[in-house]
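Read the structure below first, then the notes.
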Amino acid sequence: DLQAAGIDPLAFRLYVLHHHYRSVIEYSLTQLKAAQAELEAIRIKLQTDDGRSDEKAVARLSLLVNEDLNIPKLLEGLHLEGNSTLWKAFDPILGLGLTDPIAAFSKAEQQLMDRRDQLRKDKQFKASDLITKKLGFDDIVVHDSAGGTTYVRRRNPSLDNEPKRA
């Protein structure tokens with residue numbers, strides 16, 4: 001069960017999309033975990049939407065889809081372009097839920113994030129790491145960079161059919 005293993009079902013979809021539809025897929029937990037990390041990175045990228053629209057890139061990438069439904073090459077092209085607007089444009093084909101509204105953070109989650117940010121400013125990294133772990137248990141990915149901290153929900157809770165396991 002993917003959800004019991006902590007794998008977003010959409011990460012499994014991304015894993016499958018990396019394989020051409022006429023090729024045999026050999027299951028690999030390592031590749032599945034890589035797809036999970038890739039999906040999280042894409043979601044982080046979408047939070048920093050650059051808003052650029054590149055019609056030439058859309059046309060070029062569309063040719064890949066029209067060329068024997070070459071979705072693995074489309075994914076490669078989207079990564080090379082690095083444009084979140086393109087990811088959103090091709091999401092109806094990919095079906096990764098990138099344009100779906102992700103559940104907003106609860107007040108308690110937001111308070112934890114604010115507390116973590118303050119602890120990092122105060123250079124209390126051990127305490128902030130404890131909050132990072134707590135957020136991880138709540139399926140919130142923390143991405144620290146020179147430009148600041150980004151918080152992304154690992155998966156949309158509305159996709160869960162079962163209550164979360166402790």
Side-chain angles (χ1 to χ4, degrees), residues 2-3 5-106 109-110 112-114 116-117 120-121 128 132 135-136 138-160:
L2 292 175
Q3 290 178 331
I7 302 292
D8 185 331
L10 293 175
F12 178 77
R13 182 182 190 95
L14 181 59
Y15 168 74
V16 171
L17 289 172
H18 272 291
H19 300 84
H20 194 273
Y21 73 92
R22 285 193 269 163
S23 66
V24 175
I25 300 174
E26 303 235 0
Y27 177 79
S28 164
L29 183 58
T30 302
Q31 288 181 354
L32 184 54
K33 287 181 179 180
Q36 174 86 20
E38 178 185 356
L39 182 61
E40 290 169 7
I42 293 167
R43 288 175 175 160
I44 289 169
K45 173 70 177 158
L46 292 181
Q47 284 195 344
T48 59
D49 189 10
D50 52 20
R52 290 183 298 128
S53 181
D54 185 347
E55 293 305 317
K56 288 182 182 178
V58 169
R60 188 171 54 254
L61 294 171
S62 293
L63 287 174
L64 295 172
V65 175
N66 294 332
E67 183 183 300
D68 197 26
L69 201 61
N70 200 339
I71 301 301
K73 284 286 185 189
L74 172 62
L75 291 170
E76 183 181 321
L78 287 168
H79 280 296
L80 288 173
E81 290 290 336
N83 182 329
S84 60
T85 303
L86 290 173
W87 279 102
K88 289 177 183 177
F90 283 95
D91 190 49
I93 293 169
L94 300 172
L96 296 174
L98 300 176
T99 57
D100 295 348
I102 299 293
F105 296 118
S106 70
E109 289 169 336
Q110 189 60 55
L112 274 175
M113 290 181 251
D114 293 343
R116 181 186 179 277
D117 291 342
R120 289 187 62 77
K121 284 180 188 173
S128 75
T132 301
L135 291 169
D138 291 339
D139 286 330
I140 298 171
V141 178
V142 179
H143 179 72
D144 292 314
S145 68
T149 302
T150 305
Y151 298 94
V152 178
R153 191 169 300 285
R154 183 181 310 270
R155 65 176 174 246
N156 191 337
S158 66
L159 296 175
D160 293 343

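What you find for Ala89 and Pro92 is that their closest heavy atoms are O-CD, 3.3 Å. Considering all non-hydrogen atoms of both residues, Ala35 and Ala11 come closest at CB-O, 3.5 Å. Across every non-hydrogen atom of Leu96 and Leu10, the tightest pair is O-CD1, 3.1 Å.
To the nearest 0.5 Å, the span separating NE2 on His18 from OG on Ser23 amounts to 12.5 Å. For the atom pair CD of Gln31 and CD of Glu26, the computed distance is 9.5 Å after rounding to the nearest 0.5 Å. In this structure, CG on Leu86 lies 12.5 Å from CG on Asp91, to the nearest 0.5 angstrom. Here the OG-CG distance, from Ser128 to Asp117, works out to 9.0 Å after rounding to the nearest 0.5 Å.
Residue pairs meeting the ring pair (Phe, Tyr, Trp, His ring centres under 6.0 Å) criterion with at least one partner in residues 52-75, sequence neighbours excluded, do not occur; the list is empty. Every pair passing side chain to side chain donor-acceptor pair (under 3.5 Å) that includes a residue from residues 66-81 is listed here, sequence neighbours excluded: His20-Asp68, Tyr21-Asp68, Arg22-Asp68, Glu38-His79, Arg60-Glu81.
Within 6.0 Å of OH in Tyr151 there are more than 12 heavy atoms belonging to other residues, nucleotides or ligands.
Residues satisfying the side chain to side chain donor-acceptor pair (under 3.5 Å) test with Thr132, not counting sequence neighbours, are Arg116. For Ile93, the side chain to side chain contact (heavy atoms under 4.5 Å, CB included) criterion is met by Val65, Ile71, Phe90, not counting sequence neighbours. Remark: Gln110 pairs with Asp114 by the side chain to side chain donor-acceptor pair (under 3.5 Å) rule, at least two apart or across chains. Under the ring pair (Phe, Tyr, Trp, His ring centres under 6.0 Å) criterion, His19 pairs with Tyr15, not counting sequence neighbours.
When atom types are taken as modelled, the side chain of Lys45 and the backbone of Gly82 share a donor-acceptor pair closer than 3.5 angstrom. Between the side chain of Arg13 and the backbone N or O of Leu94 there is at least one donor-acceptor pair closer than 3.5 Å.
When side chains are defined from C-beta on, Glu40 does not count as touching Val152, because their heavy atoms never get closer than 4.5 Å. No side-chain heavy atom of Thr150 sits less than 4.5 Å from a side-chain heavy atom of Val141. In this structure, the side chains of Leu32 and Gln36 stay at 4.5 Å or more apart for every pair of heavy atoms.
Among Leu78, Leu75, Leu80, the single residue meeting the side-chain contact (heavy atoms from CB on, under 4.5 Å) criterion with Leu61 is Leu78.
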